[in-house]
Participant: 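Quick one: the structure is below, questions incoming.
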Amino acid sequence: MKDYATARAGLIKQLAAEIRDKRVLAAMAHIPREQFVPPQNRHLAYEDGPLPIGHDQTISQPFIIALMTEALELKGNEKVLEIGTGSGYQTAILAELADMVISVERVPALAESAREVLNNLGYKNVEIYIAKETLGWPEKAPYDAIMVTAGAPDISADLLSQLSVGGRMVIPAGSRYVQELYKVTRQKTKNRVEKLGGCRFVALIGKGAWDN
Ligand code: SAH
């Protein structure tokens, strides 16, 4: 088997064919994705696909993660909200690219293991909270960017209300099993909505989203 560093470099080279944001590629080029994956799947950590992380959840596909992160247009000074910490891999990328990351997770055991991995890797600008009934984390709003990593029935108004004017939100929305990826830029009057392509995410569970 190739060592992780070689495998990671190969994946990044592949992503660079479509991802233009150098900061996104640089972050992914040094974050050890294998540490966010259960031991039995580590040999697959640098395949461009999702992987199971337990509790019926998955760590997202690297290409989709890169695409979504690029769409947030992070420069380094932002406060970012992430919905669906899962493994914490996406959280680490956001922590490298923004000033502060607030991440919310529904499954306490996943929040706990993500916290541990992120702590061990030395991230100090991440706060992970257990999801409450209302989507997001209004206590710390407004956010400059919001990344939703679970599939919603629609572009959540509750989440949009936590985004600052000029801020970007990326959210998969559609049916419970297949969605379209949307980038929404909040504006004073009419918000700007762009489609980024089709995708498949696990369901976003909660008030204004899907039932458990
Ligand atoms: N970004 C993660 C993706 C994990 S899958 C990664 O790459 O590892 C999506 C996660 O969203 C799951 O862990 C699921 O438990 C969580 N989730 C579902 N509904 C949620 C909600 N309302 N609030 C917060 N997290 C939620």
Side-chain angles (χ1 to χ4, degrees), residues 11 15 24 27-28 31-38 41-42 44-69 71-72 80-98 101-118 121 123 126-141 143 145-160 162 169-173 176-179 181 199-212:
L11 174 65
L15 296 178
V24 173
M28 293 179 76
I31 297 172
R33 189 170 187 254
E34 73 276 7
Q35 293 192 26
F36 295 88
V37 165
N41 285 329
R42 289 208 173 130
L44 301 173
Y46 295 103
E47 300 293 314
D48 190 17
L51 290 169
I53 54 171
H55 308 272
D56 290 329
Q57 308 302 329
T58 54
I59 178 171
S60 306
Q61 177 192 352
F63 173 71
I64 292 286
I65 291 180
L67 184 76
M68 293 171 81
T69 310
L72 292 181
V80 181
L81 173 67
E82 177 189 36
I83 313 297
T85 315
S87 66
Y89 176 64
Q90 170 76 79
T91 320
I93 297 173
L94 295 172
E96 301 254 345
L97 299 177
V101 184
I102 309 295
S103 185
V104 187
E105 171 55 51
R106 217 187 119 247
V107 179
L110 288 175
E112 197 40 57
S113 60
R115 260 187 211 126
E116 197 182 315
V117 182
L118 292 165
L121 290 172
Y123 291 102
V126 174
E127 292 173 11
I128 298 177
Y129 296 103
I130 308 297
K132 295 187 196 163
E133 210 187 324
T134 305
L135 296 179
W137 203 256
E139 287 88 335
K140 303 243 168 170
Y143 301 95
I146 301 180
M147 162 82 81
V148 186
T149 70
D154 54 24
I155 297 172
S156 161
D158 275 339
L159 289 177
L160 256 185
Q162 296 170 47
M169 173 164 85
V170 177
I171 181 167
R176 192 157 179 149
Y177 302 103
V178 37
Q179 304 90 25
L181 203 49
C199 56
R200 277 172 195 273
F201 277 85
V202 297
L204 181 71
I205 309 285
K207 201 173 107 207
W210 302 104
D211 292 333
N212 194 7

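Side chains are part of it too, since the values below use all heavy atoms of this structure and drop only hydrogens, waters and symmetry mates. Counting starts at 1 for both ligands and their atoms, following the listed order. Numbering of residues begins at 1 and proceeds along the displayed sequence.
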Participant: I need the atoms of ligand 1 closer than 4.0 Å to a non-hydrogen atom of L135, numbered in the order shown.
Facilitator: 22 (N)
Participant: Please report which non-hydrogen protein atom sits nearest to atom 15 (O) of ligand 1, along with the residue it belongs to and the distance in Å to one decimal place.
Facilitator: E105 OE2, 2.5 Å
Participant: How far is atom 5 (S) of ligand 1 from the closest protein heavy atom, and which atom is that?
Facilitator: T58 O, 3.2 Å
Participant: With a cut-off of 4.0 Å, which atoms of ligand 1 are near a heavy atom of A131?
Facilitator: 23 (N), 24 (C)
Participant: Which of the atoms in ligand 1, numbered in the order shown and given with their element, are less than 4.0 Å from a heavy-atom of I59?
Facilitator: 6 (C), 7 (O), 8 (O)
Participant: Do the side-chain N and O atoms of S103 and E82 include a donor-acceptor pair separated by under 3.5 angstrom?
Facilitator: yes
Participant: Which residue and atom name correspond to the protein heavy atom nearest atom 20 (C) of ligand 1, and how close is it?
Facilitator: L204 CD1, 3.7 Å
Participant: Quick one: which of T149, I130, T134, I53 has a heavy atom closest to atom 3 (C) of ligand 1?
Facilitator: T149
Participant: Hey, are Q35 and Y89 close enough side-chain-wise for a donor-acceptor pair under 3.5 Å?
Facilitator: no
Participant: What atoms of ligand 1 come within less than 4.0 Å of a heavy atom belonging to I83?
Facilitator: 23 (N), 24 (C)
Participant: Show the numbers, then the answer: is there a salt bridge (charged side-chain N to carboxylate O under 4.0 Å, His left out) between K132 and E139?
Facilitator: CA-CA 11 Å; K132 295 187 196 163; E139 287 88 335; 2.7 Å; yes
Participant: Which residue owns the protein heavy atom closest to atom 18 (C) of ligand 1, what's the atom, and how far is it?
Facilitator: A203 O, 3.6 Å
Participant: With V24, which of L72, T69, L67 fulfils side chain to side chain contact (heavy atoms under 4.5 Å, CB included)?
Facilitator: T69
Participant: What are the atoms of ligand 1, with element, lying closer than 4.0 Å to any heavy atom of V107?
Facilitator: 15 (O)
Participant: Is there a polar contact, in the sense of an N or O pair closer than 3.5 Å, between Q90 and ligand 1?
Facilitator: no
Participant: Between R33 and A45 (side chain of the first, backbone of the second, donor and acceptor by atom type, cut-off under 3.5 Å), is there such a pair?
Facilitator: yes
Participant: Work out whether the distance between some heavy atom of A209 and some atom of ligand 1 is less than 4.0 Å.
Facilitator: no
Participant: List every atom of ligand 1 that sits less than 4.0 Å from any heavy atom of E82, numbering the atoms from 1 in the order shown and giving each element.
Facilitator: 1 (N)
Participant: Need the ligand 1 atom indices (1-based, order shown) with element for anything under 4.0 Å from a heavy-atom of L110.
Facilitator: 13 (O)
Participant: Is it true that a side-chain atom of Q57 and a backbone atom of H55 form a donor plus acceptor pair closer than 3.5 Å?
Facilitator: yes
Participant: For atom 8 (O) of ligand 1, find the nearest protein heavy atom and state the residue, atom name and distance (0.1 Å precision).
Facilitator: S87 OG, 2.6 Å
Participant: Under a heavy-atom criterion of less than 4.0 Å, does T91 contact ligand 1?
Facilitator: no
Participant: Under 4.5 Å between any side-chain heavy atoms of I171 and D154, yes or no?
Facilitator: no
Participant: Any sub-3.5 Å donor-acceptor pair from Q61's side-chain atoms to L51's backbone N or O?
Facilitator: no
Participant: May I ask you to test the P62-L11 pair for a side-chain heavy-atom distance under 4.5 Å?
Facilitator: yes
Participant: Out of all atoms in ligand 1, which are within 4.0 Å of some heavy atom of G84? Include the element for each.
Facilitator: 1 (N), 2 (C), 3 (C), 10 (C), 11 (O), 16 (C), 24 (C), 25 (N)
Participant: Give me the residue, atom name and distance of the protein heavy atom closest to atom 21 (C) of ligand 1.
Facilitator: I205 O, 3.6 Å
Participant: What protein heavy atom lies closest to atom 12 (C) of ligand 1? Include the residue and the distance to one decimal.
Facilitator: Q57 OE1, 3.2 Å
Participant: M28 versus L15: any side-chain heavy-atom pair under 4.5 Å?
Facilitator: yes
Participant: With a 4.5 Å limit on heavy-atom distance, are the side chains of T85 and V104 in contact?
Facilitator: no
Participant: Once you restrict to heavy atoms under 4.0 Å, what part of R106 touches ligand 1? Side chain, backbone, both or neither.
Facilitator: both
Participant: What part of V202 sits under 4.0 Å from ligand 1 if we count only heavy atoms: the side chain, the backbone, both or neither?
Facilitator: side chain
Participant: Heavy-atom count around R176 CZ within 6.0 Å, excluding the residue itself: above 12?
Facilitator: yes
Participant: Is it true that the side chains of Q90 and T149 contain a donor and an acceptor less than 3.5 Å apart?
Facilitator: no
Participant: Considering only protein heavy atoms, which is closest to atom 24 (C) of ligand 1, and at what distance to one decimal place?
Facilitator: V104 O, 3.3 Å
